[in-house]
Amino acid sequence: MDASNARTARPLHYSAARERAAAFFGRHAIRVIGALAVVYLLLPIAVVVLMSLNDPAGRYNFTFNAFTLDNWANMCGPYGLCESVLLSLQIALAAAAAATVIGVLAAYALTRFDFAGRATANVLVLLPMTMPEVVLGASLLTLYVNAGIPLGPVAILLAHIMFCISFVIIVVKARLAMLDSRLLEAATDLYANPWRAFRRVTLPLAAPGILAGAVLAFALSFDDFIITNFNSGSAMTFPMYVWGAAKRGVPPQVNVVATLIFLVVMSLAVTMSIVTTVRARRAR
Amino acid sequence: MTSATTAGRRRWAPYLLLAPMVVWLLAFFLSPLVTLVMGSLQSGSFQEGFVFTFEVANYVHVVTTYWPWFLRSVAFAAIATVCALLIAYPLAYMIVFKSGRWKYLLLVLVVAPLFASFLVRTLAWTTILADQGVVVGALRTVGLLGPDQWLLATPVSVIAGLTYNFLPFMALPIFVSLDRIDRRLIEAAGDLYASGFRAFRRVTLPLSLPGIAAGTLLVFIPAAGDFVNAQLLGSVDTQMIGNVIDSQYLRALDYPTASAISVTLIVLIIGLVALSLRRARTDELF
């Protein structure tokens, strides 16, 4: 199967013990390390879910005290929590929609056309991702203050669309690059005009990539704290709520919201990965 | 429709398609950077207004006052990047070469933390590393921590948080570069009597260098600018430069100083990234 089979025929001077040790490491250690890494990645998520079922002893929801379902039943109990979730949902939906439209157009241009300035455009797309978020947020604050744009939901939305565009373009470009260009040529040969070829051939084939880009943009926008922190004014998104609450003790309902969002996005991602796996197997 | 107009349309089409993206990034990415640099050269106060006076002294003030925070940010980010690499590489290797049909599911698990709110999952570490918690208890039993020592509010917890939060950004590019490797190259190394380790060192590792380089950038850059982990898991003594930028803009309202710190951070990061990429001699890989 893997390299271990190829290793059976080997010069005699090769130490058998070392060989066996190396084979053991190759076969098992990497799996053990990998499994530990997965545990490390998932442990905090398990804690988030666990603490959503906690009845905290004091103001701080840090240690597990007693099991309760009250937090789930009374999700909107803490003042302003559900309003903040609603605002975050609105911003994330709008940001994902706008970034997806802008991003798909750009990704299409960058993969299907050869033109002067394409390399520059590719670099421009990557630039926002090479800046620390704190700098993006701070620089936007200086722009808003100078241009007299009031801080708040609109300022947040403009910023979120900006950083989501790059991610959408990268995801969609990867998908478009995988497409067989002969399909498009076939459409053109059959007298489809460019728009019709785009709508009837490219768009359906690129749909999984576009969907993935949109989901990614939604998740990034919903979860953004650092940039929002500089542009929110008095607007309270969900991450801003958590940040404020962290100083006086986060109510367990925050963990309920985080768990719910995690489950929704996760089931979307698992569905997509199953579809990918099934398709890959079928293609084989 | 004549062919001339089709060709003309064809020539302008990519620019029209790109226009919204370019306009948006010009307006909300590049022009803010310009106002940031301009702002860093202003003087005045928030109440009386800031004036552009080409105040280079702001930078002198920033570097002489805040160099410990810059140093700490770079050190924390560098350690977190190395830790992330040490965890992510075996993980990505396992997923690509040892996981069989679980590959895509494991890949989803790797990005799963990104779906749990950044702030909430960082706060979860305060539960895990709490003084009465399992981790501190175990470390005390083993003797790695004294009875009056703890993890929270120390550099250890801040670096652990940074490593954790940006780990998927290290694992994903390494996964992609490992997944792209033609398996026959590794088999060929085995056929030529390379041991498993030697084949890894001479074939797999060099071919995965672009993934390591990309992952290093994707972890180091956000980690160096982060202030969430230092705020939630650290103490006053573990504050990073991001904390200073945050408090100077939003509490001290000292925009020129805060802008000068931000510009210095960008320059510092670009410098370090350029230097390390040249050192690692990975530039020919891009």
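Protein chains get the first letters and strands the later ones, always in sequence-line order, with residue 1 at the start of each. The figures that follow rest on heavy atoms only: side chains count, while hydrogens, waters and symmetry mates do not.
When heavy atoms are compared at a cutoff of 4.5 Å, A:Arg118 does not approach chain B at all. With a threshold of 4.5 angstrom between heavy atoms, A:Ile169 approaches chain B through side-chain atoms but not through N, CA, C or O. Both the backbone and the side chain of A:Leu140 come within contact range of chain B, with heavy atoms under 4.5 Å apart. Interface remark: A:Val145 contributes side-chain atoms only to the contact with chain B (heavy atom separation under 4.5 Å).
Once rounded to the nearest 0.5 Å, the distance linking OG1 of A:Thr142 with CE of B:Met38 reads 10.5 Å. In this structure, the separation between CG on B:Leu119 and CH2 on A:Trp243 is 7.0 Å, given to the nearest 0.5 Å.
Between A:Leu41 and B:Leu109, every side-chain heavy-atom pair lies at or beyond the 4.5 Å cut-off.
Among B:Phe227, B:Phe50, B:Tyr255, the residue with the largest count of heavy-atom pairs under 4.5 Å with chain A is B:Phe227. Ranked by heavy-atom pairs shorter than 4.5 Å toward chain A, the options B:Val228, B:Leu123, B:Ile241, B:Leu265 are led by B:Val228. Counting heavy-atom pairs closer than 4.5 Å to chain A, the top-ranked of the candidates B:Leu218, B:Leu33, B:Leu114 is B:Leu33. Counting heavy-atom pairs closer than 4.5 Å to chain A, the top-ranked of the candidates B:Ile221, B:Ile87, B:Leu167 is B:Ile221. Of the listed residues (B:Ala19, B:Ala199, B:Pro20, B:Pro113), the one with the most heavy-atom contacts under 4.5 Å to chain A is B:Pro113.
Judged as a ring-ring contact (aromatic ring centres under 6.0 Å, His included), and not counting sequence neighbours, B:Phe166 has no contacts. Among residues two or more places apart in sequence or in another chain, the ring-ring contact (aromatic ring centres under 6.0 Å, His included) test is passed with A:Tyr241 by none. Applying the ring-ring contact (aromatic ring centres under 6.0 Å, His included) criterion to B:Phe52, with sequence neighbours excluded, gives no partner residue.
Residues of residues 156-163 of chain A lying under 4.5 angstrom from chain B, judged on non-hydrogen atoms, are A:Leu158, A:Ile161, A:Met162 by number.
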